[in-house]
Amino acid sequence: MEQIKSFFVESLSSIPVPSLMDIIDMAVVAYLFYFILNLIRTTSAFRIAKAIVIFLVATGVTGILEMNALNFLLKGVLEVGLIALVVMFQPELRKALDRLGGSSLKDMLAGKPNETEMANVIKQTASACEWMSRERIGALIVFERNNALSDYYNTGTVLDAEVSDTLLRSIFFPKAALHDGAVFVRNGRVAAASCVLPLTEKTHLSRDLGTRHRAGIGISEASDAVVVIVSEETGTISVAEGGMLKRHLSGQTLSRLLSSELASDEGQQLKVNLIERGRELLQKYWTKKDDKNAKK
């Protein structure tokens, strides 16, 4: 028993203490992985990433097995393919760079609304959507989260108003000047109205889904936004997220769904967890360093 204990003690003591730069390095790499996974979570981007990984694995395997002709061909495809990807997916790459630095200083200083404020925003939104559903009034409401959507936000009319049942109903009233387009909710406030959104490129959608639904799905594919849609033809309430559409929702179901998606921000929680983990590592690093200095 003593031998096993001494073995583990020696093994643990032989592990080098990470330096401050090592901790910073690990934190940056962790955030990059999170950003890349968040970027490729849409179906089309995931297929592209999967194909690249398969090509890389095949190139490595053919190199190990000394299949020179196939290895040479795969390397050529990869070299040309990387250039082709940059050319073909230039809009997507531009959007990715916009996400990295898309938030303005004003947005960062504004901060996130607290739980009570967000609960009121959700309550007002659900109430307005229930009324519009009964009256067969179409609506398209985009809740911006971590990904900045300034390109689409700037296509509309800036409002910066408190979210209320009356305001949303007034905006989407058929004869209102701003009813045609999407409303953006940013940091718990109605930021802009009558905004133009990108349409989804999916071809297998139901035929009864019109432009409003396709725009809602499109913006949810391009970002982490949560989109509420009310059908003008049927009055059906739907929610689009991550390119997926949840239909035929009641007001209560809509309220619960928005609460789960907006009140508990996974991306924000991950950042908090990373910061806390970084603090723990720093504390352990300085504690071990002080112990070593004391022993000397």
Side-chain angles (χ1 to χ4, degrees), residues 113 115-145 149 152-153 155-200 202 205-221 223 225-264:
E115 291 184 8
T116 304
E117 291 172 341
M118 185 52 71
N120 183 60
V121 168
I122 293 169
K123 179 183 177 182
Q124 296 296 323
T125 302
S127 176
C129 288
E130 278 188 300
W131 182 84
M132 290 187 286
S133 174
R134 289 194 300 269
E135 299 296 323
R136 299 290 195 273
I137 294 175
L140 184 57
I141 306 170
V142 180
F143 287 88
E144 185 184 79
R145 294 203 282 185
L149 300 173
Y152 309 111
Y153 162 88
T155 62
T157 301
V158 177
L159 295 179
D160 190 23
E162 183 179 341
V163 177
S164 69
D165 179 358
T166 306
L167 177 61
L168 292 175
R169 287 161 57 174
S170 300
I171 290 173
F172 290 111
F173 190 73
K175 295 187 182 297
L178 301 177
H179 82 282
D180 190 18
V183 162
F184 266 84
V185 177
R186 173 183 284 180
N187 295 329
R189 295 180 64 82
V190 176
S194 192
C195 300
V196 179
L197 303 183
L199 299 181
T200 180
K202 290 182 177 179
L205 296 175
S206 175
R207 292 184 178 181
D208 62 339
L209 297 180
T211 305
R212 187 174 285 109
H213 288 83
R214 294 175 185 274
I217 296 171
I219 194 68
S220 74
E221 290 174 331
S223 69
V226 177
V227 189
V228 180
I229 309 154
V230 180
S231 172
E232 185 176 354
E233 289 76 19
T234 64
T236 300
I237 301 174
S238 306
V239 169
E241 185 194 10
M244 304 297 291
L245 188 67
K246 298 175 183 178
R247 305 181 65 190
H248 306 290
L249 305 178
S250 65
Q252 290 183 344
T253 306
L254 173 64
S255 182
R256 287 196 300 269
L257 195 153
L258 290 178
S259 296
S260 65
E261 296 298 336
L262 301 175
S264 57

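Computed over heavy atoms, backbone and side chain alike; hydrogens, waters and symmetry mates excluded.
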Minimum heavy-atom distance between [X] and [Y], given as atom pair plus value:
X      : Y      : value
Ser220 : Ala225 : CB-O, 4.1 Å
Gly216 : Ile229 : CA-CD1, 4.0 Å
Ala182 : Leu197 : CB-CD1, 3.6 Å
Leu159 : Ala193 : CD1-CB, 3.7 Å
Ala176 : Ser170 : CB-O, 3.3 Å
Ala191 : Tyr153 : CB-CE1, 3.2 Å

Distance in Å, [X] [atom1] paired with [Y] [atom2], rounded so as to fall on 0.5 Å steps:
X      : Y      : atom1 : atom2 : value
Ile237 : Cys129 : CD1   : SG    : 5.5 Å
Ile171 : Met132 : CD1   : CE    : 9.0 Å
Ile219 : Phe184 : CD1   : CZ    : 5.0 Å
Leu140 : Ser238 : CG    : OG    : 11.0 Å
Ser223 : Glu144 : OG    : CD    : 8.0 Å
Gln124 : Ile122 : CD    : CD1   : 11.5 Å

Less than 4.5 Å apart, any side-chain heavy atom of [X] and any of [Y]?
X      : Y      : answer
Phe172 : Leu178 : no
Phe143 : Val228 : yes
Thr200 : Leu205 : yes
Val190 : Asp160 : no
Lys202 : Arg214 : no

salt_bridge([X], [Y]) N-O dist < 4.0 Å:
X      : Y      : value
Arg145 : Glu241 : yes
Glu232 : Arg212 : yes
Arg169 : Glu135 : no

Inset, instruction - Using distance alone, with no hydrogens and no angle criterion, decide if Thr236 and Thr234 have a side-chain donor and acceptor under 3.5 Å apart. - result: yes

Has the side chain of [X] got a donor or acceptor atom that lies under 3.5 Å from a matching backbone atom of [Y]?
X      : Y      : answer
Ser133 : Gly235 : yes
Ser255 : Gln252 : no
Ser194 : Asp180 : yes

Legend entry - Step-by-step side chain to side chain contact (heavy atoms under 4.5 Å, CB included) determination, Val227 to Val239: CA-CA 5 Å; Val227 189; Val239 169; over 6 Å; no

For residues 243-250, please give each side-chain donor-acceptor pair under 3.5 Å, one per line with the distance, not counting sequence neighbours.
from, atom 1, to, atom 2, distance (Å)
Arg247, NH2, Asp208, OD2, 3.3
Ser250, OG, Thr253, N, 3.2
Ser250, OG, Thr253, OG1, 2.9

Inset, instruction - Would you check, one step at a time, whether the test side chain to side chain contact (heavy atoms under 4.5 Å, CB included) holds for Val226 with Leu258? - result: CA-CA 8 Å; Val226 177; Leu258 290 178; 3.9 Å; yes

Legend entry - For Val163, the option from Asn120, Ile141, Val121 that meets side chain to side chain contact (heavy atoms under 4.5 Å, CB included): Val121

Inset, instruction - Run the numbers on Trp131 and Ile137 for side chain to side chain contact (heavy atoms under 4.5 Å, CB included), then give the verdict. - result: CA-CA 8 Å; Trp131 182 84; Ile137 294 175; 3.4 Å; yes

